[in-house]
K.L.:
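What follows is a structure written as structure tokens; I'll ask about it next.
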Amino acid sequence: MDVTHPWLEDLTPPQRRAVTHDAGPLLVLAGPGSGKTRVITRRICHRIACGVAPWQILALTFTNKAAREMRSRIDALASGGGRQPRGLVMGTFHAFSAGVLRQHAEHSAAAGVAGHPLKPDFTILDADDARRALKQAITEVGLAKEQWRPGYFAEGISKAKDRLHTSSEFASEGNEFADRQCARVYAAYERILAKQNALDFDDLLLRTARMLRDDESVRTRLQERFAEVLVDEYQDTNHAQFTIANAIACVHRQICVVGDPDQSIYGWRGADISNILEFEERYPGATVVPLGENFRSTGHIVATADALIRRNGSRRHKDLTTSLGMGEMPVISSLYDELEEASHVAGCLEASRDAGVAWKQMAVLYRANALSRTIEDALRRRGIPHVIARGTAFYERREVRDTLAYLRAIANPADDLALSRIVNVPARGIGATSMERLESFASARMCSLSEALVACREVGITAKAAKSVDGLMAVIARFRSELEVKPASNLGPFVARLVEEAHLERAAADYGDDPTDAEERVANVQEVVNAATLFALPTREEGARAPTLGDALRGYLEAATLVADADMVDPERGSVTLMTLHASKGLEFDTVVIVGLEEGILPHSRSIESGEGIEEERRLLFVGITRCERRLHLTSAQNRTMRGLTMATIRSSFLRELPHEHCFSGEARRTVEYDEELPQYPVGSTVRSPFFGLGRVEGVGSRGAVTIRFVTAGVRTLYPKFAKLEIVATR
DNA sequence: TTAATTGTGGTTTTT
DNA sequence: CCACAATTAA
């Protein structure tokens, strides 16, 4: 059988059960490193082999990267004997929802809000744009921004959207003063977005979920279209996402969800862990397949992770095992401050490199992005190639956002947010006062900002400013006129010409005062041109009309908005990866260093008030530990400088929860890292021998001999000249 | 009215 | 430490 079914080869019995499970709901509880991706991809191949058409399968993932990865694995399996998965729909909830909305928005009243219908060419606002719109809403409602933080409303609105409530439903919900203010801001925010035909990230899910709930024709169509639904990372889905998947799958009940409650780390974003914990209640008769065997990490690492996660009270326990042998113990080190921590990290990475591990097989993980800078500096000084996995960072840069804002203003005439961003880019003498007048003109006439700009002569701004505005609108109009007459293949040159004619390189060069940064900014603008040139629309079904330049532009803007940090991790590069613990989910590395194990950082100070918060932080560390295949280092600093203040730290309470018998604690004492004269293996440092494993240097004898107490091999005296010792940690 | 300068305040994680 | 806001100079 396996000869003709390559997708069933080398699966363990439980994996095979999950892959070949036939009818009815299926929950796969996949522990770390248990072959989760393998199960999903093989299952998709298997279902196709069983006669399900690829285009009837909907697979929802958490990141674009995961979707790409799975698709390429399926393609590879298919070329080895299976059927080509043409038409398989695979993507993030957000991207899928955007597609559904673009397709059905016009025909579904349920997609609109507050009397505004949603038009299919809507713009998707990223977090920054959403924040700007929110600030505007707060001002409109007339609340003093000294007393009300935007973050408060952002959270309230986001939670309401997750419950699928629009502003009017939210208003009838709470009666507290703060709730009423929040409802007012929500309503204003909704109006601002509706007027611009824009959606934020939460809206994509909210509108799709409501449409599926309220519009029977759309619901039926999607139910008929998708005979099979798979959801990856199910522990991190929120209520809206559950509603979407459930609405499509509830009739045929061919739903397979895969996840691990112990790796749920997005509770703060509304992820509802009960989606996975209560799957069997929601789908009676569901089959559950636990996958506990870990094929990634060696024994001490698995044991450490297991001991840690057992501390969580509310969990559904599954035994974690590995057959890879015990391997080496995780090494816990405490350093004097963040600078020494960073040097120590560099040392750990170099030691792994000396042991033959490629840079790309190593990662440094941290709780918050702010911790990356010191590490990055140290790696740069030591010449260790590295990349910071902040994928969105590129799209957050001012010059990049300006270029994209031009494109958005061209693509969507109602996009006031984009337009207001570029009105004075490059600086053309339109300041705050002129903008204020233009905006109040627009709101008085009930028209868009772009219409106000066209009519700027009537607004009463200076002649010079009006002339600049005319010039800008002429450029935008000219480019806009090309959208529906030219073919999609013209996107690259189109963007290049825009950069040229709108003088965006000059604008980029003019920011700030550092000429070296200026060069980089200009290069970033060119990078947008490159990205646009390389952008390819998904292949269309046969018989569809040829895509226009406008289609390509809208597609490109959507893709640029929906990128995630994790999407940009490129394992082919020969570099160490630096990223947040959150972004590391789903990845694996030979060597992993987790830094900043201190109270207030991990667990984070914002989480320690609640038991649930602490448990999520613990899961976060669990995720980090289980990324590691063989060499794990955990570090903390005794003093840390954050936002200009140096403070003594407290070691993370999680360190106490790690099992002594499976972890090696390097003594925490001050080192003099920078002194060249230090003996090569100072007393107290931690070393690794290829024969005896980890040990601590106890003494230095004549002719460079060192006495080492090994964890497993007792005390030995070795000559470093012959013994090939690597320093794991200086004391 | 705009552009540059100094001052202040606020901090997690991300589709 | 950094982004943003109010203030001041041009």
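So that the names make sense, note that chain A is the first sequence line, chain B the second, and so on, each numbered from 1. Keep in mind the model is a prediction, meaning the values are calculated, not measured.
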K.L.:
How long is the line joining CG of A:Leu620 and P of B:dT14, in whole Å?
P.N.:
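Going from CG in A:Leu620 over to P in B:dT14 covers 10 Å.
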K.L.:
Is the closest basic N to carboxylate O distance between A:Arg401 and A:Asp126 below 4.0 Å?
P.N.:
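Yes, this pair counts.
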K.L.:
With a 4.0 Å limit, can you tell me whether A:Asn238 has a side-chain N or O closer than that to the phosphate oxygens OP1/OP2 of B:dT15?
P.N.:
no
K.L.:
Suppose you measure atom P in B:dT13 against the same atom in C:dC4; what distance do you get, rounded to whole Å?
P.N.:
15 Å
K.L.:
What do you reckon, do A:His94 and the base of B:dT15 stack, with centroid distance below 5.5 Å and planes below 30°?
P.N.:
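Answer is no, no stack.
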K.L.:
Any idea which of B:dT13, B:dA3, B:dT14 is nearest the A:Ala583 side chain?
P.N.:
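Between B:dT13, B:dA3, B:dT14, the one nearest the side chain of A:Ala583 would be B:dT14.
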K.L.:
If you draw the axis of the six-membered ring of A:Tyr266, does the NZ or CZ of A:Arg269 fall within 45° of it and under 6.0 Å from the ring centre?
P.N.:
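Ring-cation test returns yes.
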K.L.:
With a 4.0 Å cut-off on heavy atoms, is A:Arg437 in touch with a base, just the backbone sugar-phosphate, or nothing at all?
P.N.:
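If one applies the 4.0 Å heavy-atom cut-off, A:Arg437 turns out to touch the sugar-phosphate alone, with no base involved.
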K.L.:
Please pick, from B:dT12, B:dT1, B:dA3, the nucleotide with the shortest atom-to-atom distance to any side-chain atom of A:Thr462.
P.N.:
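Among B:dT12, B:dT1, B:dA3, the one nearest the side chain of A:Thr462 is B:dT1.
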K.L.:
How is A:Ser605 classified with respect to the nucleic acid when contacts are heavy atoms under 4.0 Å: base, sugar-phosphate, or nothing?
P.N.:
nothing
K.L.:
Counting N and O atoms only, with roles assigned by atom type, does the side chain of A:Glu657 sit under 3.5 Å from a partner on the main chain of A:Arg311, one being a donor and the other an acceptor?
P.N.:
no
K.L.:
Under 4.0 Å, heavy atoms only, any strand: does A:Ile430 hit a base, just the sugar-phosphate, or nothing?
P.N.:
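It contacts sugar-phosphate atoms only.
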K.L.:
Mind checking A:Ala127 for me? I need base, sugar-phosphate or nothing, with any heavy atom below 4.0 Å counting as a touch.
P.N.:
nothing
K.L.:
Given B:dT1, B:dT12, B:dT15, which nucleotide is nearest the side-chain atoms of A:Ser434?
P.N.:
B:dT1
K.L.:
Check nucleotides 2-4 of chain C for protein N or O atoms closer than 3.5 Å to its own N or O atoms and list the pairs.
P.N.:
{"residue": "C:dC2", "atom": "OP1", "partner": "A:Arg373", "partner atom": "NH1", "Å": "2.9"}

K.L.:
How close or far is atom P of B:dT15 from atom CG of A:Leu204, stated in whole angstroms?
P.N.:
13 Å
K.L.:
Measuring to OP1 and OP2 of B:dT15, would you say a side-chain N or O of A:Asn64 lies under 4.0 angstrom away?
P.N.:
no
K.L.:
Would you indicate what A:Tyr266 reaches in the nucleic acid, counting non-hydrogen atoms under 4.0 angstrom: base, sugar-phosphate, or nothing?
P.N.:
sugar-phosphate
K.L.:
Ring stacking, A:Phe201 with base of B:dT14, under 5.5 Å and under 30°?
P.N.:
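According to the criterion (under 5.5 Å, under 30°), no, A:Phe201 does not stack.
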K.L.:
Walk me through whether A:Tyr189 and A:Asp200 qualify under side-chain hydrogen bond (donor to acceptor under 3.5 Å, both in side chains).
P.N.:
CA-CA 11 Å; A:Tyr189 178 73; A:Asp200 66 18; 2.8 Å; yes
K.L.:
I'd like to check the side-chain contact (heavy atoms from CB on, under 4.5 Å) partners of A:Ser274; sequence neighbours left out, ordered by chain and number.
P.N.:
A:Asp272, A:Glu278, A:Arg282
K.L.:
Return the value, rounded to whole Å, for the distance between atom CE of A:Met647 and atom P of C:dC1.
P.N.:
15 Å
K.L.:
Checking side chain to side chain donor-acceptor pair (under 3.5 Å) between A:Ser607 and each of A:Arg618, A:Glu617, A:Glu612, which is the one that passes?
P.N.:
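Among the candidates, only A:Glu617 passes.
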K.L.:
Give a yes/no answer on whether the side chain of A:Thr580 brings an N or O atom under 4.0 Å of OP1 or OP2 in B:dT12.
P.N.:
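No, no such contact exists.
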K.L.:
Could you work out which one of B:dT2, B:dT12, B:dT14 sits closest to the side chain of A:Thr433?
P.N.:
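Closest nucleotide to the A:Thr433 side chain: B:dT2.
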K.L.:
Which part of the nucleic acid, if any, lies within reach of A:Asn424 when heavy atoms closer than 4.0 Å are counted: base, sugar-phosphate only, or nothing?
P.N.:
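Here A:Asn424 touches the backbone only, sparing every base.
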